[in-house]
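Step one of this worksheet: look at the structure below.
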Amino acid sequence: MEKTFNPQAIEQELYQSWETKGYFKPSGQGTPYSIMIPPPNVTGSLHMGHAFQDTIMDTLTRYKRMQGNNTLWQVGTDHAGIATQMVVERKLAAEEGKTRHDLGRDAFIDRIWDWKKESGGTITKQLRRLGASVDWDRERFTMDDGLSEAVKEVFVRLHKEDLIYRGKRLVNWDPKLHTAISDLEVENKDKKGFMWNFRYPLADGVKTKDGKDYIVVATTRPETMLGDTGVAVNPEDERYIDLIGKDIILPIVGRRIAIVADEHADMEKGTGCVKITPAHDFNDNEVGKRHQLDMINIFDKDAAILTQGETYSFNGKEIAFDAPIPERFHGLDRFAARKLVVSEFDDLGLLEEIEDHSLTVPYGDRSGVVIEPLLTDQWYVRTAPLAEPAKKAVADGEIQFVPKQYENMYNAWMNDIQDWCISRQLWWGHRIPAWYDNEGNVYVGRDEAEVRAENNLAADLELKQDEDVLDTWFSSALWTFSTQGWPENTDDLKTFHPSEVLVTGFDIIFFWVARMIMMTMHFIKDEDGKPQVPFKTVYVTGLIRDENGDKMSKSKGNVLDPIDMIDGIDLESLVTKRTSNLMQEKVAKKIEKTTRKTFEKGIEAHGTDALRFTLAAMASTGRDINWDMNRLEGYRNFCNKLWNASRYVLMNTEEHDCGFNTDGHTPEMSFSLADRWILGQFQHTVKTFSEHVDNYRFDLAANTAYEFTWNQFCDWYLELTKPVLFKGDEAQQRATRHTLVTVLEGLLRLMHPLMPYITETIWQSVAPLAAIDTTKADSIMLQAFPEFDASKVDELAMADLDWVKQFIVGIRNIRGEMDISPNKPLNAFIKNAEPEDARRLTANQQFLQGLAKLESINVLTASDEAPVSATAMVGNMEILIPMAGLIDVEAELARLNKNIEKINKDLQRVQGKLSNDSFVSKAPPAVIEKEQAKLAEMEAALAKLAEQKATINAL
RNA sequence: GGGUGGUUAGCUCAGUUGGGAGAGCAUCGCCCUUACAAGGCGAGGGUCACUGGUUCGAGCCCAGUACCACCCA
């Protein structure tokens with residue numbers, strides 16, 4: 001073995017061997033256990049969040065596989081409609097100067113498939129680097145034939161059940177991408193802006209109570225006034241009560257509009273009068289419906305002003321009335337139109353005031369432009385009926401959120417769920433299975449032939465398929481069952497559905513988790529007709545942020561690539577990577593500067609296992625996880641520690657008799673205290689570790705493994721084997737070798753789910769020593785996960801070794817604080833040894849002398865005169881190290897005083913407690929006894945320390 | 001405006017039904033000891049955000065305040 005752990009040398013080869021041998025496939029035996037991967041974008045690349053979640057999924061999968069389950073981790077990708085289309089459009093523009101319209105729909109889609117072929121491998125390669133034990137033969141893609149079939153089937157069935165409908169409604173329109181987006185894809189940002197107060201002249205000579213011939217409306221969007229069809233006042237507002245039902249002449253366009261009474265108008269806010277633009281504001285749209293106000297659309301698809309308003313009645317039916325827009329506005333962008341409207345109001349003397357105002361502005365999360373509410377024809381899923389069973393499943397505990405608090409988030413959203421706009425004006429995605437005749441009638445079916453047959457349409461009737469595609473999340477919502485072959489009732493579906501746990505970030509609980517629950521429960525039923533949940537547990541991870549707690553994003557230039565954590569990257573490459581494809585030169589400069597500062601020497605290679613262990617160790621219940629390179633480094637060191645500990649074990653066991661090759665006779669073995677102790681300690685570790693994994697506390701599981709490996713196995717046990725291996729007899733050596741191999745082999749299996757590569761590599765050398773038959777299963781990943789065995793816990797050995805540790809630490813303490821070299825052998829005297837101490841002393845001479853580097857240990861009888869010494873205590877027993885020539889008086893006095901002070905502080909607190917009557921009368925007896933015992937112990941210790949101090953003082 | 005989460009050592013974070021404040025990293029001292037200097041041994045470091053309450057006893061339970069983050073309108 002190399003002296004230092006070198007992950008690069010082992011990882012990829014190992015993965016390939018696992019994969020080609022088919023070890024990731026379900027075994028076909030045992031209780032099924034399945035996890036469906038949240039499909040990443042097919043043309044995307046892995047970020048830290050993926051690495052985090054994939055680590056957890058792989059850990060669970062490997063853990064369950066080793067426990068004998070029939071384990072499937074289903075892998076696949078989604079087509080990421082808008083994101084992918086945008087990438088290809090940009091590429092097309094950059095390389096050929098063309099738009100998708102230049103190519104046409106079919107040719108453009110071919111280009112996307114080309115791009116998918118070219119870049120689609122990135123993410124799967126990265127998954128492999130992480131060690132993901134997914135069954136690649138079952139890889140699925142949301143746009144492949146089977147899943148497209150499922151999408152179509154779901155659409156048609158939902159439509160038949162009246163759960164999908166088409167309607168002209170106000171949607172979030174992205175004027176840059178020219179598509180509707182769902183409200184979840186809208187990012188609301190707080191902005192500073194203005195509130196414009198306009199005078200709207202009253203018609204027919206009507207005057208307000210205070211004698212004005214106008215009322216004042218306030219707006220943050222002046223340009224929409226071109227489409228106003230009403231003004232609302234509160235029905236209880238005394239100021240305007242007489243004006244209800246009267247009209248206003250809308251300036252600039254000269255249209256006559258009505259004043260209506262509506263609760264929406266807030267008397268406290270502004271003037272209490274609100275202009276109503278039902279075609280361009282969600283609230284106004286509601287008001288418009290209540291008062292049957294017409295709607296006038298004034299924007300085209302680019303959110304520029306039309307030449308003529310498009311007019312609709314309140315219920316979305318087209319109606320013909322004239323809604324002219326002055327020519328000077330034609331084709332103006334909404335923001336230019338805003339300026340012009342304001343200046344015209346000013347010129348007309350109708351601009352009353354401009355106030356500063358902070359407002360929330362909706363932005364498209366993909367395009368970054370301001371979203372425009374626009375009247376368009378879209379397809380919707382009627383969510384209310386679907387939400388009921390989905391809510392119930394969570395309320396009844398059929399689906400559990402971990403951590404539990406996310407249930408609130410889910411419930412809050414589900415209780416106020418809106419219909420889901422599923423159509424997108426894109427080319428990349430599942431084309432909506434709906435056809436139109438020239439009369440505008442719409443027919444939904446699996447294909448055109450079915451549509452004709454079902455509706456008795458003449459063969460020569462012209463039909464055109466809907467141009468739009470479905471929201472990517474629509475297909476993702478079917479993921480758990482569409483990947484298993486639905487709508488066929490396949491064996492896979494029966495075996496692996498419902499899946500066990502969904503591992504995902506809280507940011508997509510609404511986008512995906514809730515919708516998946518709704519869709520799955522609607523379509524997948526048990527044999528007795530009971531709806532099946534898609535998964536029993538939703539494990540919600542935190543979001544990985546950068547070292548300053550900022551969200552990682554390309555535009556901030558603080559993104560970390562998990563592969564760079566594994567392989568390392570030099571500073572120049574990192575800077576290039578972070579600053580390429582940025583819109584602004586200025587931003588690039590800034591990113592370069594901070595990158596150079598944060599990663600002065602680039603990033604070192606740490607290996608997959610260290611990365612995985614770090615991610616697991618950070619997986620606590622919090623919502624944010626700040627990435628910390630120092631921790632990654634710490635866990636790389638941990639890998640190295642494990643590596644070297646194994647090296648020590650192998651050096652001392654290979655080519656030796658380890659007591660395993662029994663062939664009939666039992667070789668003589670006499671196990672040391674340390675052997676018995678570490679075996680018990682390991683059992684505890686197995687128990688705790690498994691409990692933590694079962695409870696999805698990967699941070700605690702990782703800590704447990706770390707603590708045992710480093711602080712018990714390496715720091716104590718390996719050191720304790722040295723005296724035996726160097727000086728013990730054959731039976732003792734054999735027993736210790738046996739224990740070394742046993743514990744290491746078990747430890748490797750324990751940690752394999754977290755750190756697959758290093759454990760497999762070492763295990764390959766250790767397994768033969770432990771006489772494990774590897775002919776059937778030549779990989780650690782197919783071995784059994786360690787199980788807790790109470791019979792291997794020797795409580796006396798645990799207590800005895802604890803005593804040994806205290807003894808050794810006592811001596812080390814004196815050395816440390818007195819600056820005595822660890823190499824200098826010391827003579828120790830023992831005072832006040834009780835029979836139990838005496839037994840332990842005799843039994844463990846070798847350990848004590850070896851690890852505390854003692855030349856001699858002499859037990860003093862009561863009559864013996866003790867030399868002037870530095871003292872350490874184990875219970876009531878005192879360990880004395882003679883000071884002569886080693887320790888100066890002042891130093892030992894200082895040390896004693898420090899100890900006395902420390903104990904005194906504790907003592908006072910305990911005394912206070914015990915002298916408090918209400919404590920003694922009300923606290924449980926066990927607690928009181930504990931306190932009393934503590935008090936006695938401290939008093940005894942203090943007495944001895946005082947005695948020591950007196951002795952030294954007397955010099 | 002409504003809601004959720006957070007505030008514990010210099011940094012990143014654990015802290016189970018309320019009963020002696022923990023880890024890793026960083027810092028300081030000693031050591032190249034025959035697995036490991038990516039190491040060993042030892043040490044220092046905390047008003048558990050603040051105020052009040054419940055309790056014999058509060059980092060933990062309750063109420064309020066401040067600040068930070070996120071979600072929703």
Side-chain angles (χ1 to χ4, degrees), chain A residues 1-6 183-184 187-188 282-283 360 362 403 405-409 412-413 416 506-507 509-510 542-543 545 547-551 604 606 610 614 617-652 691-692 695 697 699-700 702-703 706-707 710-711 714-715 718-719 721-722 725-726 740 808-809 811-824 851-853 895 898 905-906 909-910 912-914 916-924 926-928 930-931 934 938:
Chain A
M1 275 175 100
E2 302 269 334
K3 206 171 165 181
T4 312
F5 171 55
N6 178 10
D183 37 5
L184 289 175
E187 219 177 311
N188 291 305
F282 287 97
N283 288 320
T360 312
Q405 72 228 25
Y406 289 106
E407 259 178 49
N408 293 335
M409 209 181 197
W413 192 68
D416 187 33
F506 64 82
D507 49 333
I509 286 181
F510 311 140
L543 227 58
R545 299 166 172 280
E547 62 281 358
N548 300 316
D550 291 324
K551 205 167 167 174
E604 275 183 66
H606 295 84
T614 308
M618 298 199 311
S620 59
T621 58
R623 275 211 304 217
D624 299 307
I625 293 162
N626 293 354
W627 181 251
D628 181 3
M629 289 302 290
N630 291 325
R631 275 187 88 168
L632 179 63
E633 196 184 328
Y635 292 124
R636 182 199 56 175
N637 295 352
F638 175 62
C639 291
N640 190 51
K641 189 77 180 174
L642 176 65
W643 182 261
N644 276 290
S646 306
R647 207 159 70 90
Y648 169 82
V649 173
L650 290 170
M651 280 166 54
N652 286 292
E691 281 167 2
H692 288 321
N695 290 320
R697 285 304 301 268
D699 57 332
L700 300 180
N703 277 339
Y706 184 100
E707 210 279 335
W710 201 311
N711 302 106
C714 292
D715 283 352
L718 295 190
E719 294 306 319
T721 60
K722 287 175 186 174
L725 294 178
F726 299 157
L740 277 169
I808 294 164
V809 167
I811 308 273
R812 283 178 179 171
N813 243 304
I814 294 173
R815 283 186 192 272
E817 292 185 35
M818 297 303 161
D819 287 350
I820 300 171
S821 160
N823 300 325
K824 180 159 182 66
L851 270 72
K853 191 107 187 164
R895 209 176 67 92
K898 196 176 82 185
K905 227 168 100 186
D906 275 357
R909 211 192 41 238
V910 174
K913 256 187 181 179
L914 285 170
N916 182 342
D917 285 341
S918 45
F919 174 76
V920 179
S921 59
K922 288 184 183 165
V927 174
I928 297 172
K930 212 167 134 194
E931 293 295 316
K934 236 188 301 182
M938 285 189 288

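Note on naming: letters A, B, ... go to the chains in the order of the sequence lines (proteins, then strands), and numbering restarts at 1 for each one. We use all heavy atoms of the structure for the numbers below, so side chains are in, but hydrogens, waters and symmetry mates are not.
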Pairwise P distance, U12(B) and G52(B) [rounded to whole Å]: 29 Å

Could you measure between the two P atoms, the one in C60(B) and the one in U16(B), and give it in whole Å? 11 Å

Please determine if a side-chain N or O atom of Arg631(A) lies less than 4.0 Å away from the OP1 or OP2 oxygen of C25(B). no

Output yes when a side-chain donor or acceptor of Asn695(A) lies under 3.5 Å from a complementary backbone atom of Arg697(A), and no otherwise. no

Nearest 0.5 Å, please: how far is CG in Asn6(A) from CG in Asn640(A)? 10.5 Å

Pairwise side-chain contact, Arg636(A) with Phe5(A), heavy-atom cut-off 4.5 Å (strictly under): no

Any Arg697(A) side-chain N or O less than 4.0 Å from OP1/OP2 of G15(B): yes

In whole Å, what is the span from the CG atom of Leu718(A) to the C1' atom of G40(B)? 13 Å

Mind checking Asp416(A) for me? I need base, sugar-phosphate or nothing, with any heavy atom below 4.0 Å counting as a touch. nothing

Taking atom P in both U47(B) and G64(B), compute the distance separating them and give it to the nearest angstrom. 28 Å

At less than 4.0 Å, is any side-chain N or O atom of Trp627(A) found next to OP1 or OP2 of C11(B)? Yes or no. no

Asp628(A) CG to A14(B) C1', in whole Å, measures 14 Å

If we take the P atom in both C25(B) and A38(B), what is their distance in whole Å? 13 Å

Any chance NZ of Lys930(A) has more than 12 other-residue heavy atoms, nucleotides or ligands included, within less than 6.0 Å? no

Could you check which residues of residues 633-642 of chain A get a heavy atom under 4.0 Å from RNA chain B? Sort them by number, please. Arg636(A), Asn637(A), Asn640(A), Lys641(A)

Here the distance between atom C1' of A73(B) and atom CD of Glu187(A), to the nearest Å, is 16 Å

Looking at G5(B), which nucleotide sits across from it as a Watson-Crick or G-U wobble partner, both distances under 3.5 angstrom, or is there none? C68(B)

For Trp710(A) and G39(B), give me the distance from atom CH2 to atom C1', rounded to whole Å. 8 Å

If you check the Leu700(A) side chain, which of G5(B), A14(B), C36(B) turns out closest? A14(B)

Rounded to whole angstroms, how far apart are CZ on Arg815(A) and C1' on A43(B)? 17 Å

Interatomic distance where CG belongs to Asn711(A) and P belongs to G39(B) [whole Å]: 13 Å

Find the distance between CD1 (Ile808(A)) and CG (Leu851(A)) and round it off to the nearest 0.5 Å. 4.5 Å

Does Met1(A) offer a backbone N or O that forms a donor-acceptor pair with the side chain of Trp643(A) under 3.5 Å? no

On the nucleotide A43(B), are OP1 or OP2 found under 4.0 Å from the side-chain N or O atoms that Asn813(A) carries? yes

Between C1' of G24(B) and CG of Asn703(A), the distance in whole Å: 8 Å

Looking only at side-chain atoms of Val927(A), point me to the closest of G19(B), G20(B), G42(B). G19(B)

Considering heavy-atom distances to RNA chain B, does Phe5(A) or Ile820(A) have its closest nucleotide positioned more toward the 5' end? Ile820(A)

Closest to side chain of Lys3(A), choosing from C70(B), A37(B), G42(B): A37(B)

Arg909(A) has an atom CZ; how far is it from atom P of A58(B), in whole Å? 12 Å

Interatomic distance, NE2@His606(A) vs CG@Leu632(A), rounded to 0.5 Å, equals 4.0 Å

Using a 4.0 Å heavy-atom cut-off, does Glu719(A) contact any base of the nucleic acid, only the sugar-phosphate backbone, or nothing at all? base

On the 0 to 90° scale, with breaks at 30° and 60°, tag the Tyr706(A)-Tyr635(A) ring pair as parallel, tilted or perpendicular. perpendicular

Choose from C36(B), U34(B), G40(B) the nucleotide whose nearest atom is closest to any side-chain atom of Asn644(A). C36(B)

If you find the nucleotide of RNA chain B closest to Arg545(A) and the one closest to Lys922(A), which residue's nucleotide is nearer the 5' end? Lys922(A)

Residue Asp715(A), side-chain heavy atoms: nucleotide from G19(B), G42(B), C41(B) that is nearest: C41(B)

Once you apply the 3.5 Å cut-off to both distances, tell me the Watson-Crick or G-U wobble partner of G24(B), or none. C11(B)

The nucleotide from A69(B), C70(B), G20(B) with an atom nearest the side chain of Glu931(A) is G20(B)

With sugar-phosphate meaning primed atoms plus P, OP1 and OP2, does Thr360(A) contact a base, only sugar-phosphate, or nothing at under 4.0 Å between heavy atoms? base

If the cut-off is 4.0 Å, is Asn630(A) near the phosphate of C11(B), judged by side-chain N/O to OP1 or OP2? no

Considering Watson-Crick and G-U wobble pairs with both distances under 3.5 Å, what does C41(B) pair with? G29(B)

Hey, does Arg647(A) have a side-chain heavy atom less than 4.5 Å from the side chain of Lys3(A)? yes

So what does Asn408(A) hit on the nucleic acid, given a heavy-atom distance under 4.0 Å: a base, only sugar-phosphate, or nothing? nothing

Under 3.5 Å for both donor-acceptor distances, Watson-Crick or wobble: does C56(B) have a partner, and if so which one? G19(B)

C31(B) phosphate, OP1 or OP2: any side-chain N/O from Ser821(A) under 4.0 angstrom? no

Does Arg895(A) reach the main-chain N or O of Met818(A) with its side chain, forming a donor-acceptor pair under 3.5 Å? no

What integer number of Å spans the P atoms of G29(B) and U65(B)? 48 Å

Distance below 4.0 Å between Lys722(A) side-chain N/O and A35(B) OP1 or OP2: yes

For the side chain of Tyr706(A), counting heavy atoms from C-beta on, which of G42(B), G40(B), C25(B) is nearest? C25(B)

